[in-house]
Amino acid sequence: MDDVNPGQADRTTGETVAPDRTGGAREPMVVIEGVNKHFGDLHVLQDINLTVGKGEVVVVLGPSGSGKSTLCRAINRLETIESGTISIDGKALPEEGKALAQLRADVGMVFQSFNLFSHKTIRENVTLGPIKVRKKSKAEASTQADALLERVGVSAQADKYPAQLSGGQQQRVAIARSLAMGPKVMLFDEPTSALDPEMVNEVLDVMVGLAKEGMTMIVVTHEMGFARKAADRVVFMADGQVVEVATPEEFFTAPKSARAKDFLGKILTH
Ligand SMILES: Nc1ncnc2c1ncn2[C@@H]1O[C@H](COP(=O)(O)OP(=O)(O)OP(=O)(O)O)[C@@H](O)[C@H]1O
């Protein structure tokens, strides 16, 4: 039994979340308790417990098929769960309906595939949600979109269509689109995996900027440089379980579980 942290995110440190960068305590933002899910016979999420604090950046690492994406999608109710609870800023995730749409607006999600609306301009992609869900006026949403597009470095593309942009630019638009909803937490599910290598850093730089500004982030990625640089804590998953939770320094220099050692041995030697 090599699990350092079977199912309970805070047993290693005794803290439910990492302290903030001044050493202060954080309020919980995302609380995941006793979450289970199966796909047929596969127990893909096994009694997952994890608390992510406000402004905390948690990077989820683990071998392919360990349940990282499923966990991310469950936090946004894109996947149902069989048992357990997930709450965002003190509110339990509702099952469906208007309340779910509102709560989802608080949880931005950026996927591997950018999922932009192909027949809408870049600016329209960013204004749509704020107008429909946040009930902003068109003018207000447009001003905000232009500021966000500037922030992620694609303002010159505002009147173009997604297919006219590079993958890295499209992914930065996807981030701007999520930010336009004023999310309380951002989920990133392998946001750079579909990008050509030269575009990876332009997206990671935007994410590092967000982390520095205090956005609460849960990031599933294979980018170890990002994990080292930006994560407050690393959550290592294997076979549907949270196996280890540690600071990046602890995780990369002295992983405690055999499965994490094996994982790091495989990825860091290539
Ligand atoms: N909709 C589904 N139906 C059935 N099985 C699924 C479904 N989605 C995922 N799985 C299975 O659940 C397991 C966990 O998948 P998941 O995508 O969460 O893993 P992951 O850790 O994110 O992997 P990767 O790093 O390869 O993206 C895998 O074995 C996968 O094949």
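All residue numbers refer to positions in the sequence shown, counting from 1. Atoms within a ligand are numbered from 1 in the order they appear, just like the ligands themselves.
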Margin query: I need the contact type for Leu42 against ligand 1. Using non-hydrogen atoms and a strict under-4.0 Å cut-off, is it side chain, backbone, both or neither?
Written below: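 Just the side chain.
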
Checklist line | Residue part near ligand 1, for His222, under 4.0 Å between non-hydrogen atoms | finding: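 Side chain only; the backbone of His222 stays clear of ligand 1.
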
Closest protein heavy atom to [atom], given as residue, atom name and distance to 0.1 Å:
| atom | value |
| --- | --- |
| atom 27 (O) of ligand 1 | Glu190 OE2, 3.2 Å |
| atom 3 (N) of ligand 1 | Phe39 CD2, 3.5 Å |
| atom 18 (O) of ligand 1 | Thr70 OG1, 2.5 Å |
| atom 23 (O) of ligand 1 | Gly65 N, 2.8 Å |
| atom 22 (O) of ligand 1 | Ser69 N, 2.8 Å |
| atom 25 (O) of ligand 1 | Lys68 NZ, 2.8 Å |

Next item on the list: Give me the one residue out of Leu93, Ile48, Thr70, Ile86 that meets side chain to side chain contact (heavy atoms under 4.5 Å, CB included) with Ile81.
Entry: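 By the side chain to side chain contact (heavy atoms under 4.5 Å, CB included) criterion, Ile81 pairs with just one of Leu93, Ile48, Thr70, Ile86: Ile86.
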
[X], [atom1]: over 12 other non-hydrogen atoms inside 6.0 angstrom:
| X | atom1 | value |
| --- | --- | --- |
| Glu150 | CD | no |
| Lys54 | NZ | yes |
| Glu27 | CD | no |

Check: Is atom 10 (N) of ligand 1 less than 4.0 angstrom from at least one protein heavy atom?
Finding: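 Within 4.0 Å: yes, protein heavy atom nearby.
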
Margin query: If we count only non-hydrogen protein atoms and require a distance under 4.0 Å, does atom 30 (C) of ligand 1 qualify as touching the protein?
Written below: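 So atom 30 (C) of ligand 1 lacks protein heavy-atom neighbours under 4.0 Å.
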
Item checked: Closest to atom 26 (O) of ligand 1 (judged by heavy-atom distance), picking from Ser66, Ser64, Cys72 ->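 Looking at heavy atoms only, Ser64 sits closest to atom 26 (O) of ligand 1.
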
Notebook entry, point to check: Nearest heavy atom to atom 19 (O) of ligand 1: which of Gly67, Ala238, Gly62 does it belong to?
Noted result: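 The nearest heavy atom belongs to Gly67.
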
Margin query: Quick check on the hydrophobic clustering: are Leu204 and Val59 connected, directly or via other members, by side-chain heavy-atom contacts under 4.5 Å?
Written below: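 Both belong to a single hydrophobic cluster.
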
Next item on the list: Take the angle between the ring planes of His43 and His38 and call it parallel below 30°, perpendicular above 60°, tilted in between.
Entry: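 The rings of His43 and His38 lie parallel, inter-plane angle below 30°.
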
Notebook entry, point to check: Is a donor on one side and an acceptor on the other found under 3.5 Å between the side chain of Asp106 and the backbone of Pro183?
Noted result: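 No, Asp106 side chain to Pro183 backbone: no donor-acceptor pair under 3.5 Å.
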
Considering only NZ, NE, NH1 and NH2 on the basic side and carboxylate oxygens on the acidic side, decide whether [X] and [Y] come within less than 4.0 Å.
| X | Y | result |
| --- | --- | --- |
| Arg123 | Asp146 | yes |
| Arg177 | Glu124 | no |
| Asp232 | Arg26 | yes |

Check: When only distance counts, is Glu79 in polar contact with ligand 1, meaning an N/O pair under 3.5 Å?
Finding: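 Between Glu79 and ligand 1, no N or O pair is found under 3.5 Å apart.
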
Notebook entry, point to check: Do any heavy atoms of Pro63 fall under 4.0 Å from ligand 1?
Noted result: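 Checking ligand 1 against Pro63, which is what was asked, there is a heavy-atom contact under 4.0 Å.
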
Check: Considering only heavy atoms of Val44, which atoms of ligand 1 have at least one such atom less than 4.0 Å away?
Finding: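 Going through ligand 1 atom by atom, the ones under 4.0 Å from Val44 are 12 (O), 13 (C), 14 (C).
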
